[in-house]
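Along the sequence shown, residues carry numbers from 1.
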Amino acid sequence: MDTDCPSRTVVEVLANKWVLYVLGSLREHAGPMRFNQLGRALPGVTQKMLTQTLRTLERDGLVSRKVYPTVPPRVEYGLTPLGCEAALLSVAIGEWALSHVGQILAAREAFTAAATTTPEPLD
């Protein structure tokens with residue numbers, strides 16, 4: 001792939017783990033979610049990372065942000081039609097991971113075992 005191709009920037013966004021998790025959470029919820037709701041649905045995400053991720057997704061047209069004129073302001077995030085398509089990718093990756101986690105963990109264990117018993121080759 002050409003290093004100047006704009007699609008690289010799209011792939012970089014979609015390859016981010018929090019992007020995949022946010023898209024998946026919004027898709028599973030099947031409706032808009034508030035910031036704290038999303039945070040609770042994503043254990044381990046920091047407020048800063050969630051904010052950055054949502055801004056990136058909004059910038060790229062995958063997530064919509066609606067602010068309600070209340071005190072304090074109520075903000076909801078939802079998937080756009082483009083975001084719904086992208087969320088299918090996160091679902092497919094998640095399903096694949098669940099189906100193959102046993103194989104991946106076994107491969108990791110075998111790799112670690114081989115690495116501890118076999119010396120690294122000299123260059």
ask   = Is the side chain of T80 donor-acceptor paired with the backbone N or O of G61 at a distance under 3.5 Å, no angle test?
value = yes
Would you be so kind as to tabulate the donor-acceptor pairs closer than 3.5 Å made by side chains of residues 89-106, with sequence neighbours excluded?
from: S90; atom 1: OG; to: A87; atom 2: O; distance (Å): 2.7
from: W96; atom 1: NE1; to: H100; atom 2: ND1; distance (Å): 3.4
from: S99; atom 1: OG; to: E95; atom 2: O; distance (Å): 3.0
from: H100; atom 1: ND1; to: W96; atom 2: O; distance (Å): 2.9

note = For residues 46-65, the salt bridge (charged side-chain N to carboxylate O under 4.0 Å, His left out) pairs (sequence neighbours left out) are none
message = Can you list, by chain and residue number, the hydrophobic cluster partners of V71 when the side-chain cut-off is 4.5 Å?
response = none
query = In Å, rounded to the nearest 0.5 Å, how long is the span from OG1 of T9 to CG of D4?
reply = 11.5 Å
key: Sequence-distant partners of E12, salt bridge (charged side-chain N to carboxylate O under 4.0 Å, His left out), two or more places apart   = none
task = Please list all pairs passing the ring pair (Phe, Tyr, Trp, His ring centres under 6.0 Å) test where one or both residues lie in residues 36-67, with sequence neighbours left out.
result = none
task = Determine whether L62 and L88 fall in the same hydrophobic cluster, where Ile, Leu, Val, Met, Phe, Trp and Tyr are linked whenever their side-chain heavy atoms lie under 4.5 Å apart.
result = no
ask   = By side chain to side chain contact (heavy atoms under 4.5 Å, CB included), which residues pair with T70, not counting sequence neighbours?
value = Y68, R74
Distance-only check: which donor-acceptor pairs under 3.5 Å involve side-chain atoms of residues 16-28, not counting sequence neighbours?
from: N16; atom 1: OD1; to: W18; atom 2: N; distance (Å): 2.7
from: N16; atom 1: OD1; to: V19; atom 2: N; distance (Å): 3.0
from: S25; atom 1: OG; to: Y21; atom 2: O; distance (Å): 3.1

List the atom pairs, with distances to 0.1 Å, where a side-chain N or O of residues 34-47 and a protein N or O form a donor-acceptor pair under 3.5 Å, not counting sequence neighbours.
from: Q37; atom 1: OE1; to: R34; atom 2: N; distance (Å): 2.9
from: Q37; atom 1: NE2; to: H29; atom 2: NE2; distance (Å): 3.3
from: T46; atom 1: OG1; to: M49; atom 2: N; distance (Å): 3.0

